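Everything below concerns the one structure shown next.
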Amino acid sequence: MTSIERTAYPRFKRLITAHELHLFFSPSRDELEWAADATDCDEHLPALLLMLKSYRRTGCFPALEDVPEMVVDFVRRAVELPEGTLPVYRAERTAKHHRGLVRKQAGVTYDQARSRGIVEQSIRKEAAAKNRPADLINIALEKVVENPGWNCPGSPPSTRWPRKSAPR
C-alpha cells in the first residue's frame with residue numbers, strides 16, 4: 001500500500017514556524033466577523049476558522065483531529081477563547097454546512113462527480129506508463145488543481161484510486 005507521505009496530497013508539515021502560523025493562520029478582522037456570524041457556539045468558531053485557513057493553505061478540508069495542536073492553539077488564542085475550548089463538530093451536518101460556507105468564501109465550486117471524473121480519466125491515461133500508485137495519485141491531483149476553482153476530491157486518497165481506475 002502506498003504511503004500518503006509519498007504523494008503530493010496536501011497535508012500539514014510536522015514543524016510549523018511562528019512566521020508560518022502568523023502568515024497562514026491569523027484570521028483577519030473580516031474573517032472573524034464572518035465566522036462569528038456563521039457560528040452559534042465557542043467550539044464552532046475555531047472549527048470554522050481552522051477549516052477556512054486550512055482550506056486556503058492546502059486546498060482541502062482536514063479532519064479537525066489532524067490539524068496540529070500548535071495551529072489549533074494559535075487560532076483559539078487569536079479569537080480569545082478560553083484555554084480548554086476545542087474545535088469540535090458534534091454533528092456531521094454542521095461540518096458539511098461549514099465546508100459549504102468555506103467553499104463559498106473561497107469562491108470554489110464543489111462538483112465531486114466532475115472532480116472524480118477528472119481523476120479517473122487522468123489515472124486511466126497514465127496507468128499504461130506508470131504503475132506506482134503514488135505517481136498516479138500525484139498526476140490526478142495535478143489535473144484537478146489545473147482546473148481553477150475546483151475542489152480536491154474527498155479526503156486524502158488511498159491507493160484504491162489507482163487500482164480502481166487502472167485499465168482493465
Side-chain angles (χ1 to χ4, degrees), residues 1-112 115 119 134-135 137-159 161:
M1 179 170 276
T2 297
S3 168
I4 190 66
E5 285 77 27
R6 294 185 57 195
T7 69
Y9 210 89
R11 60 193 174 276
F12 287 98
K13 294 183 344 185
R14 289 194 177 134
L15 297 173
I16 300 171
T17 66
H19 175 72
E20 290 170 322
L21 281 173
H22 287 279
L23 184 64
F24 299 117
F25 297 100
S26 288
S28 69
R29 183 174 289 125
D30 289 341
E31 290 169 340
L32 281 171
E33 288 177 19
W34 169 80
D37 289 344
T39 57
D40 59 359
C41 69
D42 284 352
E43 291 85 8
H44 290 170
L45 180 60
L48 180 56
L49 286 169
L50 285 166
M51 287 177 69
L52 175 68
K53 300 310 258 183
S54 298
Y55 186 84
R56 287 192 173 153
R57 179 74 178 122
T58 66
C60 297
F61 296 106
L64 289 174
E65 60 269 10
D66 293 340
V67 178
E69 189 174 330
M70 67 187 320
V71 174
V72 172
D73 287 340
F74 179 81
V75 171
R76 182 191 44 75
R77 284 191 310 269
V79 297
E80 300 176 354
L81 289 171
E83 180 90 21
T85 308
L86 297 174
V88 176
Y89 288 120
R90 290 187 180 86
E92 177 56 30
R93 183 176 165 200
T94 305
K96 185 176 181 177
H97 174 68
H98 283 186
R99 287 190 298 269
L101 292 173
V102 169
R103 285 186 191 100
K104 185 176 180 182
Q105 178 82 349
V108 172
T109 303
Y110 181 62
D111 186 340
Q112 191 174 22
S115 292
V119 166
D135 292 337
I137 290 169
N138 289 337
I139 289 166
L141 288 170
E142 287 173 17
K143 294 297 181 188
V144 171
V145 171
E146 285 173 5
N147 292 281
W150 285 92
N151 194 65
C152 288
S155 55
S158 69
T159 55
W161 273 8

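Only this structure's heavy atoms are used, side chains among them; waters, hydrogens and symmetry mates stay out. This one's a predicted model, so the numbers in the text were calculated from it and none came from an experiment.
Residue pairs meeting the side chain to side chain donor-acceptor pair (under 3.5 Å) criterion with at least one partner in residues 38-51, sequence neighbours excluded, are Asp40-His44. Screening residues 18-40 for ring-ring contact (aromatic ring centres under 6.0 Å, His included), with sequence neighbours left out, gives His22-Phe74.
Under the side chain to side chain donor-acceptor pair (under 3.5 Å) criterion, Arg99 pairs with Glu92, sequence neighbours left out. Applying the side chain to side chain donor-acceptor pair (under 3.5 Å) rule to Glu33 yields no partners; only residues at least two apart in sequence or on another chain are considered. For Asp66, the salt bridge (charged side-chain N to carboxylate O under 4.0 Å, His left out) criterion is met by no residue, not counting sequence neighbours. With sequence neighbours left out, Val67 forms a side-chain contact (heavy atoms from CB on, under 4.5 Å) with Phe12, Leu50, Ser54, Pro62, Val71, Val72. The side-chain contact (heavy atoms from CB on, under 4.5 Å) check on Arg56 picks up Glu31, Leu52, Gln105, with sequence neighbours excluded. Contacts of His97 classified as ring pair (Phe, Tyr, Trp, His ring centres under 6.0 Å), with partners at least two apart in sequence or in another chain: none.
Put simply, CG on Leu86 and CD on Glu69 are 9.0 Å apart, with the number rounded to the nearest 0.5 Å. Atom OG1 in Thr94 sits 11.0 Å away from atom CG in Leu48 (nearest 0.5 Å).
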Below 3.5 Å, can you tabulate the donor-acceptor pairs from side chains in residues 78-85 to any protein atom, sequence neighbours excluded?
unit_1, atom_1, unit_2, atom_2, d
Thr85, OG1, Pro82, O, 3.0

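Residues Val102 and Val108 are not in side-chain contact: their nearest non-hydrogen atoms beyond the backbone lie 4.5 Å or more apart.
Taking every heavy atom of both residues into account, Ala47 and Val88 meet most closely at CB-N, 4.2 Å. Contact record, Leu49 with Pro27: CD2-CB, 4.0 Å, taken as the closest heavy-atom pair.
In this structure, Leu23 places its CG atom where more than 12 heavy-atom neighbours from other residues, nucleotides or ligands lie under 6.0 Å away.
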